[in-house]
Amino acid sequence: MDIARVLMVAPVGDIEAAVAWYQRLLGRPADTRPMPSLADWHLTTGGWLQVFQDAERSGSSLLNLEVPDLDDALAQLAERGLAAGPVQTGGERTRFAALKDPDGNRVALLENPVA
């Protein structure tokens, strides 16, 4: 089986509040809004983030975003008014910090220099 794209999906209760938050998180507007209840960010060639309105499932997602420099990413978030939890370690060399969107979906920023 060939996979063309991987989508991370975050269900939210209020799409406009979520879009505003994810714009702050990612530092830019959504790449597309194909319908009023959906926003897409094309993060890499094959990796997209979709935020869609689904109040019943909101707050149930775990999203992992690998960044090249965790300290730099956290500083950028702070400039945009977002604060992640404490930096933690996982495995031998992975560092990560997490924050939650307004609906409680967990977004972890991972730095893995061994990858």
Side-chain angles (χ1 to χ4, degrees):
M1 160 177 27
D2 291 330
I3 306 297
R5 185 170 296 117
V6 175
L7 304 173
M8 294 181 292
V9 180
V12 298
D14 179 339
I15 187 66
E16 295 309 323
V19 166
W21 189 88
Y22 280 92
Q23 286 179 170
R24 286 177 45 214
L25 174 74
L26 300 169
R28 62 186 177 86
D31 292 301
T32 62
R33 293 290 305 265
M35 60 184 76
S37 60
L38 179 66
D40 287 332
W41 282 265
H42 308 162
L43 304 176
T44 66
T45 302
W48 290 16
L49 167 62
Q50 290 186 325
V51 175
F52 78 102
Q53 188 158 331
D54 183 347
E56 185 178 316
R57 291 180 181 84
S58 66
S60 62
S61 291
L62 305 171
L63 310 172
N64 293 325
L65 303 172
E66 184 177 335
V67 296
D69 183 328
L70 181 59
D71 297 323
D72 183 56
L74 295 174
Q76 289 179 41
L77 289 182
E79 289 173 4
R80 297 183 203 131
L82 297 176
V87 174
Q88 301 176 51
T89 58
E92 292 183 26
R93 296 180 54 189
T94 301
R95 299 170 62 229
F96 64 95
L99 61 162
K100 291 187 177 180
D101 75 8
D103 287 282
N105 293 303
R106 183 178 181 266
V107 179
L109 302 179
L110 309 165
E111 175 190 78
N112 185 354
V114 210

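The figures that follow rest on heavy atoms only: side chains count, while hydrogens, waters and symmetry mates do not.
Every pair passing salt bridge (Lys or Arg N to Asp or Glu O under 4.0 Å) that includes a residue from residues 11-22 is listed here, sequence neighbours excluded: Glu16-Arg33. Residue pairs satisfying the salt bridge (Lys or Arg N to Asp or Glu O under 4.0 Å) criterion with at least one member in residues 79-88, sequence neighbours excluded, are absent.
Applying the salt bridge (Lys or Arg N to Asp or Glu O under 4.0 Å) test to Arg57 and every residue at least two apart in sequence or in another chain returns Asp54. Partners of Arg28 by salt bridge (Lys or Arg N to Asp or Glu O under 4.0 Å), not counting sequence neighbours, listed by chain and number: Asp31. When the salt bridge (Lys or Arg N to Asp or Glu O under 4.0 Å) test is applied to Asp69, no partner is found at least two apart in sequence or on another chain. Gln53 meets the side-chain hydrogen bond (donor to acceptor under 3.5 Å, both in side chains) test with no other residue; sequence neighbours excluded. With sequence neighbours left out, Asp40 forms a side-chain contact (heavy atoms from CB on, under 4.5 Å) with Thr32, Pro34, Leu38, His42, Trp48, Gln50.
When all heavy atoms are compared, the tightest approach of Asn112 to Glu66 is O-OE2, 3.9 Å. Among all heavy-atom pairs drawn from Ser58 and Gly13, the shortest one is CB-N, 3.5 Å. Between Asn105 and Ser61, the shortest heavy-atom distance links the atoms OD1-N, 2.9 Å.
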Asp101 and Arg106: CA distance, side-chain angles, deciding distance, salt bridge (Lys or Arg N to Asp or Glu O under 4.0 Å) verdict: CA-CA 7 Å; Asp101 75 8; Arg106 183 178 181 266; over 6 Å; no
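Here Ile3 is tied into one hydrophobic group with Met1, Val6, each link being a pair of ILVMFWY side chains closer than 4.5 Å. Through side-chain heavy atoms spaced under 4.5 Å, either directly or across other Ile, Leu, Val, Met, Phe, Trp or Tyr residues, Phe96 is tied to Leu110. As a member of the Ile/Leu/Val/Met/Phe/Trp/Tyr network built from side-chain separations under 4.5 Å, Leu49 groups with Met8, Val12, Ile15, Val19, Trp21, Tyr22, Leu25, Leu26, Trp41, Leu43, Val51, Leu63, Leu65, Val67, Leu70, Leu74, Leu77, Leu82, Val87, Leu99, Val107, Leu109.
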